[in-house]
There are 2 protein chains.
Amino acid sequence: MGKKKETITIYDVAREAGVSMATVSRVVNGNPNVKPVTRKKVLETIRNMGYRPNAVARGLASKKTTTVGVVIPDISSAFFAELTRGIEDIANMYHYNIILCNSDLKKEKELRLIETLLEKQVDGLLFLGGEVTDEHRDIFAGSSVPIVLAATYDDEDESRPYVTIDQVQAAKDATSVLIEEGHDKIGLIGGPLTDPILGYPRYQGYKEALEEKGLPLREEWVRLGDYRYHSGLQSAKELLTGDEAPTALFVINDEMAVGAIHAAQDLGKKVPDDVSVIGFDNIPLADQVRPLLSTVAVPMYDIGAVAMRLLTKYMNDEPIQENQVLLEYRLELADSTLTKETQTG
Amino acid sequence: MGKKKETITIYDVAREAGVSMATVSRVVNGNPNVKPVTRKKVLETIRNMGYRPNAVARGLASKKTTTVGVVIPDISSAFFAELTRGIEDIANMYHYNIILCNSDLKKEKELRLIETLLEKQVDGLLFLGGEVTDEHRDIFAGSSVPIVLAATYDDEDESRPYVTIDQVQAAKDATSVLIEEGHDKIGLIGGPLTDPILGYPRYQGYKEALEEKGLPLREEWVRLGDYRYHSGLQSAKELLTGDEAPTALFVINDEMAVGAIHAAQDLGKKVPDDVSVIGFDNIPLADQVRPLLSTVAVPMYDIGAVAMRLLTKYMNDEPIQENQVLLEYRLELADSTLTKETQTG
DNA sequence: CCCAATTCCGTTATCGTTTGCGAATCAGTT
DNA sequence: AACTGATTCGCAAACGATAACGGAATTGGG
């Protein structure tokens with residue numbers, strides 16, 4: 001595997017080029033205080049010697065690593081994968097690299113990862129989609145690196161920067177679509193209510209929509225899944241075989257929503273004629289099933305991109321006008337619901 | 001954002017604990033050569049002072065960063081997301097972190113990213129899914145860090161470690177399934193033939209299967225897409241409206257395959273009765289459409305995991321018995337083809 | 001109770017850069 | 001020719017750890 005005799009350092013280049021290491025450092029870093037002819041000579045010997053600056057040493061000396069940490073629940077989920085792509089694109093644009101960590105939403109793992117990232121001296125940290133507990137806040141407070149939350153927020157810390165959408169309102173809007181279609185028997189396939197990021201607020205939105213329209217919240221029309229396809233399939237099967245089955249389902253993420261559609265079809269019901277289904281997130285899958293899934297289009301890529309951009313502002317001490325941003329979402333109404341229109345929220 | 005007065009170093013801890021920094025370093029690194037009582041005292045003052053070891057300084061001194069670089073085409077693709085999850089899990093298990101970079105399969109970007117990762121002194125490098133050119137080989141050769149390829153291989157460098165599957169054979173097997181179903185008009189929706197990783201070999205497998213069974217390769221039954229859903233939809237529409245339309249389609253990835261199914265349905269054809277479809281990869285989507293998609297199950301997670309494991313062996317100088325591994329794939333026959341059976345290859 | 005073998009632990013040299021400070025060079029003005 | 005203000009550039013001190021080396025303390029056997 002091509003062992004090079006020894007690593008060549010800035011000092012070697014300096015000696016070879018007949019200048020000091022300070023000068024080499026200057027040309028490497030684009031410092032203008034170096035005569036063009038000198039710069040040229042240095043650049044030349046750098047090329048000839050195949051010198052590659054050591055970013056670790058640079059990091060020690062400059063106290064900057066141009067690296068940011070990203071803690072994410074699960075990269076293999078379409079939602080977070082897309083979000084990460086937004087992060088990485090902006091990071092790349094600003095010449096940062098990202099250290100990616102999967103937390104599986106386990107608190108202990110999250111804390112451990114954050115600790116590790118801080119040890120690695122990341123210039124900033126992006127924390128996605130987990131609940132922010134007191135222990136998180138302790139670590140955050142004990143560090144001076146900027147930290148921004150994405151696709152989540154901290155309901156206890158008013159000042160913690162974040163980028164996400166208004167989950168409650170979006171869920172309310174989605175439910176309202178079904179109500180306005182004329183449905184009065186609307187089921188919910190939700191997530192764990194202990195999940196303060198998705199499960200609870202989306203349930204809350206569903207509840208508020210019903211209340212506002214004077215519809216009762218009936219427990220037998222509510223099932224809580226685990227966000228996965230089969231969970232949606234199973235839950236819908238239960239809901240739709242009931243005596244007085246709902247004629248519409250609000251499913252709080254697309255993967256489960258597609259499961260719900262298939263459950264309906266398996267039971268011989270037509271979507272949307274017999275049962276309307278609306279999902280949430282607008283992952284690519286929503287566009288790759290028949291009937292096309294109506295859903296709440298969450299700007300996943302943008303959440304990542306905006307969060308990363310915000311982080312760069314913190315890292316470079318740029319002025320910040322808005323450090324807590326709620327991005328717009330869109331209702332993407334397709335074939336799994338009756339009406340067709342598009343709203344913005 | 002909680003500015004701490006000043007960073008506390010190993011030296012501060014040493015002074016506070018009444019020992020030398022060497023001793024502190026020893027307890028931090030779990031070196032056994034330190035008396036239990038001393039260790040306890042040091043650990044205590046570490047806790048009290050909130051000392052956090054600086055991994056950058058450690059990296060400089062020890063020449064190890066416990067970080068590996070991962071260059072991947074696109075994290076937002078289900079295939080690579082799952083693969084990355086495998087990588088990260090194993091990395092985490094061995095206490096490595098990963099720096100993730102999206103290359104979009106652009107050669108220049110790949111080279112730039114690899115260069116950056118080497119500057120950051122990663123202990124190892126995982127290169128996924130792009131073509132390995134001479135320029136890649138140049139950089140690889142000029143560095144002493146172990147590099148392993150995943151989901152690709154280097155056909156010019158016999159010794160470069162890799163982990164992938166036998167693309168040609170798998171494509172051949174998939175095509176053969178259709179032949180054995182009795183089809184003799186089998187279309188292909190492929191990728192760019194200039195793609196040496198997926199496009200070409202999977203086309204090659206299709207071709208070989210036909211040849212072996214004495215079937216002609218007819219150009220009008222071949223379309224080349226871009227791996228995306230809509231491309232599959234469009235290509236299938238063209239293929240299936242022809243005068244003498246194929247009765248079966250081998251589609252070289254699942255996303256396009258699902259598009260093909262929808263195209264068939266849009267044309268009023270039933271799958272699999274009127275047209276059989278078999279895909280490739282077995283992304284979650286294959287399991288979330290109706291009819292369920294027959295496909296070649298590629299062990300994406302395992303490719304990542306095994307590649308990362310192999311890399312750890314290189315990084316820790318463990319003995320290596322096999323440095324080029326072809327993982328097993330499986331034919332996952334479901335409802336989009338007629339026969340039902342499972343083979344291994 | 002002494003000496004050798006262990007165990008512990010401190011000294012010090014590095015690791016490869018960045019960076020503040022001051023010296024040296026160079027023009028342009030008088 | 002002397003003076004001044006920029007430009008350039010070198011020196012050397014950090015940056016925060018690791019690790020080789022050797023000295024001191026502890027232990028055990030005879």
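All chains are named by letter (A, B, ...) in the order of the sequence lines, taking the proteins before the strands, and each is independently numbered beginning at 1.
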Output the single nucleotide from [options] whose closest atom is nearest the side chain of [X].
| X | options | result |
| --- | --- | --- |
| B:Val34 | C:dG10, C:dG16, C:dC9 | C:dC9 |
| B:Ala22 | D:dA19, D:dG16, C:dG16 | D:dA19 |
| B:Thr38 | C:dC9, D:dT18, D:dG10 | C:dC9 |

Please tell me which of B:Ala57 and B:Arg26 maps to the more 5' nucleotide of DNA chain D, matching each residue to the nucleotide holding its nearest heavy atom.
B:Ala57
On DNA chain D, nearest-nucleotide positions of A:Met21 versus A:Arg39: which is more 5'?
A:Arg39
Return the value, rounded to whole Å, for the distance between atom [atom1] of [X] and atom [atom2] of [N].
| X | N | atom1 | atom2 | value |
| --- | --- | --- | --- | --- |
| B:Asp12 | D:dC15 | CG | C1' | 13 Å |
| B:Arg15 | C:dG10 | CZ | P | 14 Å |
| A:Asn54 | D:dC15 | CG | C1' | 13 Å |
| A:Lys35 | D:dG10 | NZ | C1' | 14 Å |
| A:Leu60 | C:dT19 | CG | P | 12 Å |
| A:Ile10 | C:dT19 | CD1 | C1' | 12 Å |
| B:Lys120 | C:dT17 | NZ | C1' | 15 Å |
| A:Tyr11 | C:dT17 | OH | C1' | 15 Å |

With a cut-off of less than 4.0 Å, is there a side-chain N or O of [X] near OP1 or OP2 of [N]?
| X | N | value |
| --- | --- | --- |
| A:Tyr51 | C:dT17 | yes |
| A:Thr9 | C:dG16 | no |
| B:Ser25 | D:dT18 | yes |
| B:Lys63 | C:dT14 | no |
| A:Thr23 | D:dG10 | yes |
| A:Asn29 | C:dT18 | yes |
| A:Thr7 | C:dG16 | yes |

Using a cut-off of 4.0 Å on non-hydrogen atoms, how would the nucleic acid contact of B:Val28 be classed: base, sugar-phosphate, or nothing?
nothing
Under 4.0 angstrom, heavy atoms only, what part of the nucleic acid is B:Val19 near: base, sugar-phosphate, or nothing?
sugar-phosphate
With heavy-atom distances below 4.5 Å as the criterion, would you say the side chains of [X] and [Y] are in contact?
| X | Y | answer |
| --- | --- | --- |
| A:Val24 | A:Ser20 | no |
| A:Val70 | A:Ile99 | no |
| B:Tyr162 | B:Val325 | no |

Salt-bridge criterion met for B:Arg309 and B:Glu318 (N-O under 4.0 Å)
yes
With nearest nucleotide decided by heavy atoms, which residue, B:Ser62 or B:Asn33, maps closer to the 5′ end of DNA chain C?
B:Asn33
Any side-chain donor paired with an acceptor under 3.5 Å for A:Arg160 and A:Asn323?
no
Any N/O donor-acceptor pair, B:Arg52 side-chain to D:dG16 base, under 3.5 Å
no
Tell me whether A:Arg85 contacts the main-chain N or O of A:Phe80 through its side chain, where contact means a donor paired with an acceptor under 3.5 Å.
no
